[in-house]
Amino acid sequence: MQFLEGLNNEQKKAVLAIEGPLLIVAGAGAGKTKTIVHRMCHMIESGIAPSAILAVTFTNKAAKEMRERVVLQIEAIPAALREGTIPFVSTFHSLGVFLLRKFGAYDGTVKRFTILDDADTMSLIKESLQYFGLDPKQNEPRSIRSLISRAANAMQSPDNLMTESNPHHRIAGQVWKRYTALKKEQKSLDFDDLLLETVKLLEQNETARTWCQETWHYIHIDEYQDTNEVQYRIARALAGPRKNLCVVGDSDQSIYSWRGANIKNILEFERDYPEATVVLLEENYRSTKTVIAAANEIVNKNTYRTPKNLFTNNAEGELISVYAAYDENDEAKFIVERCIEQIDSGVAADDIAILFRTNFQSRALEEAFLSYNIPYQVLGVRFFERKEVKDVLSYIRAAQNPDSLVDIKRIINTPVRGIGKVTIVNLFTHGIDSLSGKAAISVKNFFALLEQIREFSELHSVSETIKFIMVESGMQRAYKEDKIDGEERLENLEELVTLGLRYDHFDGDEGLEKLLEDATLMSDQDNLSDAGAASTKVGVKLMTIHAAKGLEFGTVFVTGLEHGLFPHQRDSKLTGADAEEERRLMYVAVTRARKKLFLTYASMRTIFGMRDVRLPSEFLMDVPDEYIQRESRSGESGFTVYL
């Protein structure tokens, strides 16, 4: 019973409730990951095979952390019980990749497929629009993509969109059909397909469903409040008749409805499983009493939630600083000045986060950090999205799957090898035999290069294969000759080689597949520690509140607390579900802070070129005065703020 040590009473209940459905309602900072890890280890200690346990979460970062903690804890269990294995810990998308490669996608006909990243997807959407003679400038591809994604994750079909009254939706449905056909031709799947095809596999393929249910007897789903219809059905199918389904989440942290997340999944878990055990984790181990008191005051005004009240045995902590800025520039300067004070007092720059509701807010903040020469990092600068990195990954994918036209189009003339647009059009329209002269020779040499890469990769490691591509493709030579930014691009490719070392221990081409999978599925938050991977730039973190979900910092600034900005107001009046989600978003923002919390807003802000007078956010009025310290730029308290 060693895995009950160090747990509070509610955490112990969750660990001991092994059989049957279990709902763990885990408040912010309440130790949910620790509880899940201890629960899995306790199962193994009790005689359950590690291979019979599955845990699914949303980000690679969360899955990696959970896996590492299980590995660390499991060492205390006798080897005879461990079987030399650990539970299967994965994201939803990685689980989909695993199952589809095992049993096949597209009704089981394809086991080797390319995963399309965002750029690849947008390219095919544009191609689909052009197929119907539709102008991408008049029919914004990203908007079309968003409509398709939302419909797909709601388990709808192209026909559903094509029958709607909105003409934009009908166009999206038409494009969706062509887009789907293109993906099948190229043996490709996008992010949504990884889940949709998995649902089809589990619900329609008895062999696959039986294998999953007989392999994994105990299912854990983390962040259950963020699941959409597709993920909900995956969870039910995996649980099967045993119903050993443990879901962990918090309705107060459901902030992704715009991605298709359905808060009903967690709120109605007891309706789906009437026999379920319910455990509330309400003790917060992260934040001060002051921060927790403010968070409770904010979120308790919501009605569509599982009632709970966070508490902590941590210190009272500092008061919450509130600053009323003149405009966004004044706000940014105040934030940087307080960051300098925090850093001078011993707080690590990496332990400070500036959170904002929308991305445009970062501009003034970045300018202020630059002017004060304070190191900072904007979440979202992704290593795997750099052109030269994407080019190498495309070489790998094209070598493995010559049907991947998206990748071939990307690299056939990268670096420049005399293959123009007309040649590319003729190649894809009429085939290689339609080409002649130098163009034909260049194209044949290109496909010969892909074959060389494929053969080389079968006998060499991932890192060696990347080096081979750099040299044989001509990229290394081209960037050495580029005196403008060639050195930086080469450094990024060298970092990719370094990254490739992590995959060198895999057999055959499994390492390359794993590299491509990880690179494609990497989320913004997963990339936090790797942003600017080729550089050593670290510092204060700037990010949206959505991106901060699951993270924590010693000092947190929540900025732009103005009516219409946060809560964000799309229409003339914010009501109902949208209003409650904005309030949950504020709750998430506040609970990122361990010790010190700053809340700021501006009296004037320039938005879309217009300078507007702003009113303080209602969220500021939710925090009782006893928890607040008013501040001015000079650092004096008592500055009057009219709320």
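Starting from 1, each residue takes its place in the sequence as its number.
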Looking at [X] and [Y], does any basic side-chain N land under 4.0 Å from a carboxylate oxygen?
X: Arg594; Y: Asp351; value: yes
X: Glu552; Y: Arg592; value: no
X: Arg209; Y: Glu203; value: no
X: Glu19; Y: Arg242; value: no
X: Arg583; Y: Glu580; value: no
X: Lys308; Y: Asp250; value: yes
X: Glu65; Y: Arg69; value: yes

[X] side chain to [Y] backbone, donor-acceptor under 3.5 Å:
X: Thr600; Y: Glu331; result: no
X: Gln361; Y: Arg357; result: yes
X: Asn262; Y: Thr227; result: no
X: Lys541; Y: Val378; result: no
X: Arg584; Y: Gln253; result: no
X: Thr277; Y: Leu22; result: no
X: Glu582; Y: His568; result: yes
X: Gln231; Y: Ala261; result: no

*Would you check, one step at a time, whether the test side-chain contact (heavy atoms from CB on, under 4.5 Å) holds for Phe598 with Phe334?*
CA-CA 11 Å; Phe598 291 85; Phe334 168 82; 4.2 Å; yes

*Decide if the gap between the ring center of Phe356 and the ring center of Phe566 is smaller than 6.0 angstrom.*
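Between Phe356 and Phe566, the centre distance exceeds or equals 6.0 Å.
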
Are side-chain N/O atoms of [X] and [Y] paired as donor and acceptor at under 3.5 Å?
X: Ser617; Y: Glu562; answer: no
X: Glu631; Y: Gln629; answer: yes
X: Glu275; Y: Tyr273; answer: no
X: Asp192; Y: Ser149; answer: yes
X: Thr91; Y: Ser94; answer: yes
X: Glu366; Y: Tyr376; answer: yes
X: Lys596; Y: Thr288; answer: no
X: Tyr587; Y: Asn302; answer: no

*So Val279 and Val25, side-chain contact (heavy atoms from CB on, under 4.5 Å) or not? Walk me through it.*
CA-CA 6 Å; Val279 176; Val25 179; over 6 Å; no

*Return the orientation label for the His546 and Trp258 ring planes: parallel under 30°, perpendicular over 60°, tilted otherwise.*
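Ring orientation of His546 relative to Trp258: perpendicular.
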
_Test log, rule side-chain contact (heavy atoms from CB on, under 4.5 Å), inputs Arg259 and Arg150_ = CA-CA 7 Å; Arg259 287 185 184 173; Arg150 286 295 298 270; 6.0 Å; no

_Are the side chains of Ser287 and Thr312 in contact, using a 4.5 Å heavy-atom criterion?_
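When only atoms from C-beta onward are counted, Ser287 and Thr312 do not touch, as no gap falls below 4.5 Å.
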
